[in-house]
Amino acid sequence: MIISMFFFSPLNPRLDTTSCDIIQISAICGEKAFNCYCLPSKALSESAASITGFTVKENQLFLNGKLISTTPLLTALEAFIDFLYSFQCPVLLVAHNAMRFDTPILTRVLRHHSLYVRFQKVVEGFVDTLPLSKRLCFDLPSYSLKYLVQHYLKKTFNAHNAVEDARILQELFRAWNNSGLNLLMQNASQTHLQTAPQYVPLLAFSPLKDSTCE
C-alpha cells in the first residue's frame, strides 16, 4: 500500500479541545499545500490575540492588522477533505503533539459537521511526532517543536501560524531521514494507524504552490 504523508495544523487560539474554534487549517505534502482561514464563533481573548496575531473586528478576521479572507468552517473542512482525496491514495496526517490537541480538535469538528465518515475513508491515521521525537532523540532538554527545529534545523519559525507549523514539521521530518520513517513503521500501533503502511513516500521539500479554498 502506498500512503502519502501530510503535515498538518488546525490552529486554534485556546487550549480547550472540547470547545475551541479552528481559525486556520493548513496541510503540506511535498510541493502541494492547503490553507484556509475561518472566522471564530467566539471572541478571542487578549492573550490569544497577542500570541497568534489574530484579531476579530466587526465580524472580520485580521492577522497582524491585515484583513484576512475567511471561509465558513464547513466549507473549509469539505475543501480540506477534497484536497486529501486529490492524491488518490490513503494519507497519514502528521502533527506535533497531535494526540493531545490537533487530533481531538479536528475529529470533534468533523463529527459535528457530519464529515467524519468521509474523512475516515481517505485518512489512514494520525502520526504524533512528539513521542516519535522522544524515541529518536535522547536526553534533549525539551521536545517542543520550537526546540527541535532549533536543534536540528538551526533556525526559528512562527510557531503560531498553521502554515509555518506544517511546513517546518515536514522539513524536520525530512531532516530525520530514514530514522523517523523506520521508527514510524516499528511503532505503527502507537500512532493510531488503522494499518501499518508498507511504504510512505516523502516528497522533496521545495517552494510551495498553495491550494486554497477560495
Side-chain angles (χ1 to χ4, degrees), residues 2-13 20-40 52-54 61 63-64 66-98 101-129 145 149 157-174 191-193 197 200-214:
I2 295 179
I3 298 179
S4 290
M5 183 172 288
F6 288 77
F7 299 83
F8 85 110
S9 178
L11 185 68
N12 60 86
C20 62
D21 289 317
I22 292 179
I23 284 185
Q24 186 181 8
I25 305 174
S26 298
I28 288 174
C29 182
E31 297 182 354
K32 297 183 179 180
F34 174 90
N35 185 52
C36 271
Y37 295 95
C38 303
L39 190 68
T52 65
F54 285 105
L61 183 67
L63 177 57
N64 297 322
K66 180 181 179 181
L67 180 63
I68 298 294
S69 176
T70 58
T71 301
L73 180 57
L74 174 59
T75 303
L77 292 170
E78 290 174 332
F80 177 55
I81 295 174
D82 288 342
F83 174 70
L84 300 180
Y85 270 94
S86 70
F87 287 78
Q88 300 182 346
C89 65
V91 306
L92 298 179
L93 293 182
V94 185
H96 200 68
N97 211 8
F101 293 111
D102 307 84
T103 299
I105 292 168
L106 183 59
T107 53
R108 172 177 57 82
V109 297
L110 287 168
R111 291 181 188 278
H112 177 76
H113 290 285
S114 302
L115 292 172
Y116 190 67
V117 172
R118 183 166 178 250
F119 174 80
Q120 277 187 308
K121 291 180 180 179
V122 68
V123 175
E124 193 72 13
F126 294 90
V127 177
D128 189 339
T129 54
L145 183 57
V149 167
F157 72 105
N158 183 355
H160 301 291
N161 184 285
V163 172
E164 290 302 311
D165 278 357
R167 179 187 292 118
I168 205 70
L169 188 58
Q170 176 176 248
E171 190 173 351
L172 176 64
F173 198 90
R174 289 188 58 80
T191 59
H192 291 200
L193 305 182
V200 181
L202 297 180
L203 305 181
F205 183 83
S206 62
L208 302 174
K209 301 176 181 177
D210 287 338
S211 174
T212 67
C213 54
E214 297 178 0

State, to 0.1 Å, how close [X] and [Y] come at their nearest heavy-atom pair, and which atoms those are.
X: Tyr37; Y: Ser69; answer: CB-O, 3.7 Å
X: Ile28; Y: Ala166; answer: CD1-C, 3.9 Å
X: Asp128; Y: His96; answer: OD1-C, 3.9 Å
X: Ala76; Y: Thr71; answer: N-CG2, 3.8 Å

Reference residue Phe34; test ring pair (Phe, Tyr, Trp, His ring centres under 6.0 Å); the match among Phe83, Phe87, Tyr85: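 Looking at Phe83, Phe87, Tyr85, the match for Phe34 under the ring pair (Phe, Tyr, Trp, His ring centres under 6.0 Å) is Phe83.
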How many angstroms lie between [atom1] in [X] and [atom2] in [Y], if you round to the nearest 0.5 Å?
X: Arg111; Y: Leu106; atom1: CZ; atom2: CG; answer: 10.5 Å
X: Thr129; Y: Gln170; atom1: OG1; atom2: CD; answer: 12.5 Å
X: Leu77; Y: Ile22; atom1: CG; atom2: CD1; answer: 6.0 Å
X: Ile25; Y: Cys38; atom1: CD1; atom2: SG; answer: 5.0 Å
X: Leu39; Y: Leu73; atom1: CG; atom2: CG; answer: 10.5 Å
X: Ser114; Y: Phe119; atom1: OG; atom2: CZ; answer: 15.0 Å

[X] side chain near [Y] side chain, heavy-atom distance below 4.5 Å:
X: Ile81; Y: Leu110; answer: yes
X: Arg118; Y: Asp82; answer: yes
X: Leu84; Y: Leu93; answer: yes
X: Phe7; Y: Glu171; answer: no
X: Asn97; Y: Leu145; answer: no
X: Leu115; Y: Leu74; answer: yes
X: Phe54; Y: Gln24; answer: yes

Heavy atoms from other residues, nucleotides or ligands near NE2 of His113 exceed 12 (cutoff 6.0 Å):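 More than 12 heavy atoms, drawn from other residues, nucleotides or ligands, come within 6.0 Å of this atom.
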Residues Ile105, Cys20; criterion side chain to side chain contact (heavy atoms under 4.5 Å, CB included); working and verdict: CA-CA 8 Å; Ile105 292 168; Cys20 62; 3.7 Å; yes
